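We're numbering straight along the sequence, starting at 1. Being a predicted model, the structure only gives us computed values, none of them experimental.
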Amino acid sequence: VVAVKKPEGLPPRAAPAEYSGHEQAGDITIAGEFLGHSLPTGSGILKSEDFVAVEAAVFGPPNARATISPDYFTLRINGKKAMPAQPFELVASSIKDPDWAPPDADPAKSKTSLGGVSTGNDPNSGPPPAPRIPPELKRANEQKVRKTQMLEGDRLLPIAGMLFFRYGGQEKGVHQVELLYNGPAGKAKVVLQ
């Protein structure tokens, strides 16, 4: 028996109306939800300070197929120039787990002495370096987000997945968000916020 690997991605919601915005493009419907700097995974929410995410979905008639590519999507925030979707590989290095805390440092080991003079309380020594997330945890978090990305290629509809856009601004300053689709099915402007 050969196991068939199921594509990853996100399961689409039941209907386009379950997203904050949706719009027709030819025979398909583009739907989406702006998630800001949050990157939901099946086991929690991760963050990125440098990118924002949109949960996007493509719906069509029964048994319809469509060619899907992040290249067909751009995002316009607050009426400014539209930003192209970015490949997951660019997003990976900025993924952070807001719930991760470094192991408590042993206070006895945090002070060093040079020639009998303790440097642990030296105000000129600067802050200690930020703790680094263990590489195995970093890889696990990257894999969780990778599994949510929008799948490319000729796909059976409906399909859903995350699209990523470079945006380092704060979410509280975001007042208007439009997901723009320009692909083989036509064009659509989906107002998400």
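Among residue pairs with one or both ends in residues 55-67, those qualifying as side-chain hydrogen bond (donor to acceptor under 3.5 Å, both in side chains) are Arg13-Glu55, Arg65-Asp154; sequence neighbours excluded. Sorted by first then second residue, the salt bridge (charged side-chain N to carboxylate O under 4.0 Å, His left out) pairs that include residues 18-31, not counting sequence neighbours, number zero. For residues 139-173, there are no ring-ring contact (aromatic ring centres under 6.0 Å, His included) pairs, not counting sequence neighbours. Sorted by first and then second residue, the pairs that involve residues 85-96 and meet side-chain hydrogen bond (donor to acceptor under 3.5 Å, both in side chains), not counting sequence neighbours, are Ser48-Ser94, Glu89-Arg146. Judged as a salt bridge (charged side-chain N to carboxylate O under 4.0 Å, His left out), not a single pair has a partner in residues 157-168 (not counting sequence neighbours).
Summarising the geometry of Ala64 relative to Leu156, their closest heavy-atom pair is O-CD1, 3.4 Å, with the distance given to 0.1 Å. In this structure, Glu152 and Pro70 approach most closely via the heavy-atom pair CG-CD, 3.3 Å. Between Ile30 and Ala25, the shortest heavy-atom contact is CG1-CB, 4.4 Å. Here the closest non-hydrogen pair linking Gln170 and Lys172 is OE1-CE, 2.8 Å. Between Gly32 and Leu192 the shortest heavy-atom distance is O-CD2, 3.2 Å. The shortest heavy-atom contact between Ala188 and Gln24 is CB-O, 3.8 Å.
When side chains are defined from C-beta on, Pro87 does not count as touching Gln149, because their heavy atoms never get closer than 4.5 Å. Leu35 is not listed as a side-chain neighbour of Val54, based on a closest heavy-atom distance of 4.5 Å or more.
In this structure Phe73 satisfies the ring-ring contact (aromatic ring centres under 6.0 Å, His included) test together with Tyr181, sequence neighbours excluded. Among residues two or more places apart in sequence or in another chain, the side-chain contact (heavy atoms from CB on, under 4.5 Å) test is passed with Ser43 by Thr41, Lys144. The side-chain contact (heavy atoms from CB on, under 4.5 Å) search around Glu171 returns His37, not counting sequence neighbours. Applying the side-chain contact (heavy atoms from CB on, under 4.5 Å) test to Pro158 and every residue at least two apart in sequence or in another chain returns Pro12, Phe59. Checked against side-chain contact (heavy atoms from CB on, under 4.5 Å), Lys189 has the following partners two or more places apart in sequence or in another chain: Glu178, Leu180.
At most 12 non-hydrogen atoms from other residues, nucleotides or ligands lie less than 6.0 angstrom from CD of Glu49.
One hydrophobic cluster, built from ILVMFWY side chains closer than 4.5 Å, cannot hold both Leu39 and Ile45; they sit in different ones. Both Ile68 and Leu151 sit in one connected hydrophobic cluster of ILVMFWY residues. Membership requires side-chain heavy atoms under 4.5 Å apart, directly or through other members. Hydrophobic clustering of Ile, Leu, Val, Met, Phe, Trp and Tyr side chains at less than 4.5 Å, counting indirect connections, keeps Met150 apart from Tyr19.
Checking side-chain atoms of Thr29 against main-chain N and O of Val58 turns up no donor-acceptor pair under 3.5 Å. Without hydrogens or angle criteria, Ser38 side chain to Lys47 main chain gives no donor-acceptor distance under 3.5 Å. A donor-acceptor contact shorter than 3.5 Å links the side chain of Gln193 to the backbone of Val174. The backbone N or O of Tyr72 lies less than 3.5 Å from no partner atom in the side chain of Asn182, so there is not a single donor-acceptor pair.
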Show me the side-chain donor-acceptor pairs of residues 133-141 shorter than 3.5 Å, one per line, residues at least two apart or across chains.
unit_1 : atom_1 : unit_2 : atom_2 : d
Lys138 : NZ     : Glu142 : OE2    : 3.0

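In this structure, OG1 in Thr74 is found 10.5 Å from NZ in Lys81, a value given to the nearest 0.5 Å. With rounding to the nearest 0.5 angstrom, the CD1 atom of Ile77 is 11.0 Å from the CG atom of Leu179.
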